[in-house]
Participant: 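If you scroll down you'll find the structure; I have some questions about it.
Counting convention: from 1, in listed order, for ligands and their atoms alike.
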Amino acid sequence: MVSNNILAWTGCGVALAILYLFQQLRFRTRNLLPPGPSSFPLIGNIQCLISRPTWITFTEWYQKYDSDIIHVNVAGNPIIILNTLEAATELFERRSATYSSRPPLTMLNDLIGWKWAFVGMPYGPEWKACRKLFTTMFNPNNADQHEPQELKAARNFLLNLHEKPEQYAKLVRKMTGSSILSVAYGFDVNVVQDSVHTYNAERAADGFIAASIPGSFLVDYLPWLKYIPSWVPGASFQRQARIWKADMEKLLHGPFAAAKSSLIEGGMEPCFVTRCFEQLSDPDSNAEGMIEQTAGVMYLAGTDTAVVALTTFFLAMVKYPGYQKKAQQELDRVVGSNRLPEFDDKSSLPYIQAILNEVLRYESESALTCQSQPGVQKYCLGGSPSIPWVRIHICLFFFCVEVPLTVMAHLSTEEDIYRGYRIPKNATVMANVWAMFHDETKFPDPYTFNPDRYICAADGQLNLGVMEPTSGFGFGRRACPGRHMALSTIWITIASVLAVYDISNALDENGEIIIPTGDYDTTTVQNRPYPFECSFKLRSPERLDVMRTSVEFVEGK
Ligand code: HEM
């Protein structure tokens, strides 16, 4: 009797197991996900993503599975990686109706309150309205809306560099930040760079970036945690969110309130905010809120991205002095030594453009079309900013990993099929720009910094056959709308610095050369060189006078 029961139960168990396997098989053949590594229950592929830059792992998987689209499972969240320009263009551009949203970020949007920033908004009417306002009032057809501020900021940067060369990294952030605050709110670049607005904006951007990587906070995976009160042990993320919220509000309201009072008093320089008010002749409170929010995004999205590119530029100049010399020869030939470069010189300076292109390609900062910032610790449940050794990125199941999801990733809003593979609804979809920029067929010897690859050997002009690194600014409806400003800021800074300074290795107290490791901080999703020292030497004593005169000129003195 007992043995009959055992037999019956075993039979049932086997039948159920077969049924389950059959269903799984049918499901999988009908709905094949793109190839990718096999994953463990619950944790998915987290173990494969430990301690390596994710874009490098993804690039290896791209080669291993020989597929321009791959699939990774991070703790049950499907992530789709697009490894070629063709795949990214097909999905993000041709099928943009499905791929223009953003993944939800509980810490960033719900707890800190960045919901108003259209950079991370889901696709919908609110995002459309903000994006439209931004691109109508600030677009590539109106260079006069940002180039004068960039020129002024770059020239002041040169003088500041002369006074405090050891602070070059800080000065770069101030320079890019002040020109953006000036473009957005009409502040004078010199005045604003040491103002409370810049200080507040830097703090707010640090918080935004730290919180924008889901997985930095367990609450992004378990959204119900947001209801846990801050006094509960382990809920330090709530207290951190409150601190960042205060910084965020200062960025949003402070400069806008100052700009509005100047507007009322009649002493305001033309800028993004004035143009918006002129356009909306009778702005109601909703419209005013939208102007405030859209202007607030500018600093956030534009400053640190440009800083990373310029830091890579300084590192490359230290490491490859030969290219620096070539650029300086071009500057001396075209601009001479009695004045500084201007935007009108651009078409005559192809080598400066080649250096800019190579900077954007070489260590493609938006390696996964996403942004973050080094120096900002990431904390999970229980982490604390005052404990620097807490560098835990995702504390699920005792694994620590940087998960490559950011505010800049796209989200699929419908299920879709690409090359016969199923892309689930609500999957995070990212372009692996690193793989695109290190494709040997397009960029021979891709791991070497070499601006010459953009130059035609025959005539020294730009080689239009080489792919420009524009993919670093994203794709489709969400592509970076500030790209024209980013490119001109970086261009004028590179040209101005090389016209005046020789950049080289710094010396230590014994006069020994300090060689930067050239390593990049890959613990964030953005690729940025580790801090390094370098030296800025005037190319000739006369250049100091040229610099001073040029600053006076842009100051209108
Ligand atoms: C080197 C500098 C920069 C880089 C590498 C960069 C890169 C990017 C990338 C990769 C995206 C996401 C694109 C996507 O989702 O497909 C983006 C979005 C954005 N960028 Fe930039 N950016 C830079 C500078 C700027 C500047 C200077 C501004 C503003 C003045 C700006 C404003 C924005 C905004 C508002 C978005 C959000 C667009 C949306 O979600 O609709 N960026 N940027």
Side-chain angles (χ1 to χ4, degrees), residues 82 88-89 91-93 96 99-103 114 116-124 126-135 137-140 145-146 149-150 153 172 175-177 179-185 201 205 208 212 271-272 293-313 356-357 359-361 363-373 405-411 428-434 436-437 469-491 493-494 525-528:
L82 309 173
T89 310
L91 266 54
F92 290 154
E93 302 199 341
S96 59
Y99 294 97
S100 294
S101 204
R102 298 273 193 224
W114 284 104
W116 56 266
F118 78 92
V119 57
M121 267 183 203
Y123 188 73
E126 206 186 341
W127 169 80
K128 277 189 193 162
C130 291
R131 172 104 189 183
K132 189 168 169 212
L133 182 67
F134 189 100
T135 50
M137 295 299 143
F138 186 67
N139 58 61
Q145 290 171 359
H146 56 94
Q149 292 87 329
E150 288 159 9
V172 169
M175 172 192 62
T176 51
S179 63
I180 288 187
L181 288 173
S182 163
V183 166
Y185 303 102
F208 178 89
S212 69
C271 61
F272 178 79
Q293 292 166 5
T294 311
V297 165
M298 280 190 158
Y299 182 94
L300 192 65
T303 300
D304 287 304
T305 40
V307 170
V308 173
L310 286 167
T311 314
T312 291
F313 158 70
L356 164 52
N357 287 354
V359 160
L360 294 178
R361 185 204 68 83
E363 285 292 342
S364 31
E365 63 174 279
S366 303
L368 287 163
T369 54
C370 40
Q371 302 173 341
S372 178
Q373 182 200 338
L405 305 178
T406 78
V407 69
M408 294 301 194
H410 293 222
L411 185 88
T428 297
V429 187
M430 290 185 293
N432 184 0
V433 176
W434 173 269
M436 298 174 197
F437 287 173
T470 46
S471 312
F473 292 100
F475 299 88
R477 298 185 197 180
R478 299 304 288 241
C480 176
R483 172 171 111 188
H484 55 294
M485 178 171 180
L487 291 172
S488 55
T489 295
I490 301 168
W491 185 89
T493 311
I494 292 180
V525 287
Q526 190 187 53
N527 228 1
R528 176 174 180 150

Participant: Taking atom 28 (C) of ligand 1 as the point of reference, which of Gly482, Ser179, Ala431 owns the nearest heavy atom?
Facilitator: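 When every heavy atom of Gly482, Ser179, Ala431 is considered, Gly482 comes closest to atom 28 (C) of ligand 1.
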Participant: With a 4.0 Å cut-off on heavy atoms, is Trp127 in contact with ligand 1?
Facilitator: yes
Participant: Of all the atoms in ligand 1, which lie at a distance below 4.0 Å from a heavy atom belonging to Val119?
Facilitator: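 Reading through ligand 1 atom by atom, the close ones are 37 (C), 40 (O).
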Participant: Kindly say whether the aromatic ring centers of Tyr185 and Phe272 come within a distance under 6.0 Å.
Facilitator: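 Centroid separation for Tyr185 and Phe272: 6.0 Å or greater.
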Participant: Quick check: does any side chain N or O of Arg102 sit under 3.5 Å from a backbone N or O of Ala409, one acting as donor and the other as acceptor?
Facilitator: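 Side chain of Arg102 to backbone of Ala409: a pair is present.
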Participant: Hey, is Thr489 one of the residues with a heavy atom under 4.0 angstrom from ligand 1?
Facilitator: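 Flag not set, Thr489 not near ligand 1.
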Participant: Check side-chain hydrogen bond (donor to acceptor under 3.5 Å, both in side chains) between Gln149 and all other residues, then give those that pass, not counting sequence neighbours.
Facilitator: none
Participant: Roughly how far, to the nearest 0.5 Å, is the CZ atom of Arg131 from the CZ atom of Phe118?
Facilitator: 6.0 Å
Participant: Taking the side chain as every heavy atom from C-beta outward, state whether Phe138 and Gln145 have any pair of such atoms under 4.5 Å apart.
Facilitator: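 Yes, close enough: below the 4.5 Å cut-off.
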Participant: With heavy-atom distances below 4.0 Å as the criterion, list the atoms of ligand 1 near Gly472.
Facilitator: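 Under 4.0 Å from Gly472, ligand 1 has these atoms: 5 (C), 7 (C), 10 (C).
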Participant: Quick check: do Leu310 and Met175 have side-chain heavy atoms less than 4.5 Å from each other?
Facilitator: yes
Participant: Backbone or side chain, does any N or O of His410 fall under 3.5 Å from an N or O of ligand 1?
Facilitator: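 Yes, there is a polar N/O contact under 3.5 Å.
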Participant: For Thr305, which part has a heavy atom under 4.0 Å from ligand 1: side chain, backbone, both, or neither?
Facilitator: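 The part of Thr305 near ligand 1 is both the backbone and the side chain.
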Participant: Which atoms of ligand 1 are found less than 4.0 Å from any heavy atom of Gly474?
Facilitator: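 The atoms of ligand 1 under 4.0 Å from a heavy atom of Gly474 are 10 (C), 13 (C), 14 (C), 16 (O).
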Participant: Would you mind running through ligand 1 and noting each atom that sits below 4.0 Å from a heavy atom of Ile490?
Facilitator: 1 (C)
Participant: Between Ser179 and Glu150, do the side chains contain an N or O donor and an N or O acceptor separated by less than 3.5 Å?
Facilitator: no
Participant: For atom 42 (N) of ligand 1, which candidate among Cys480, Ser100, Pro481 holds the nearest heavy atom?
Facilitator: Cys480
Participant: Using a distance-only test with no angle check, is there a side-chain donor-acceptor pair under 3.5 angstrom linking Arg477 and Tyr123?
Facilitator: yes
Participant: Determine whether any heavy atom of Arg102 lies closer than 4.0 Å to an atom of ligand 1.
Facilitator: yes
Participant: In terms of relative ring orientation, are Phe92 and Phe475 parallel, tilted or perpendicular, with 30° and 60° separating the classes?
Facilitator: tilted
Participant: Does an N or O from Arg131, backbone or side chain, lie closer than 3.5 Å to an N or O of ligand 1?
Facilitator: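 For ligand 1, there is an N or O atom that lies under 3.5 Å from one belonging to Arg131.
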Participant: Below the 3.5 angstrom mark, is there an N/O of Phe475, backbone or side chain, next to an N/O of ligand 1?
Facilitator: yes
Participant: Of all the atoms in ligand 1, which lie at a distance below 4.0 Å from a heavy atom belonging to Val297?
Facilitator: 35 (C)
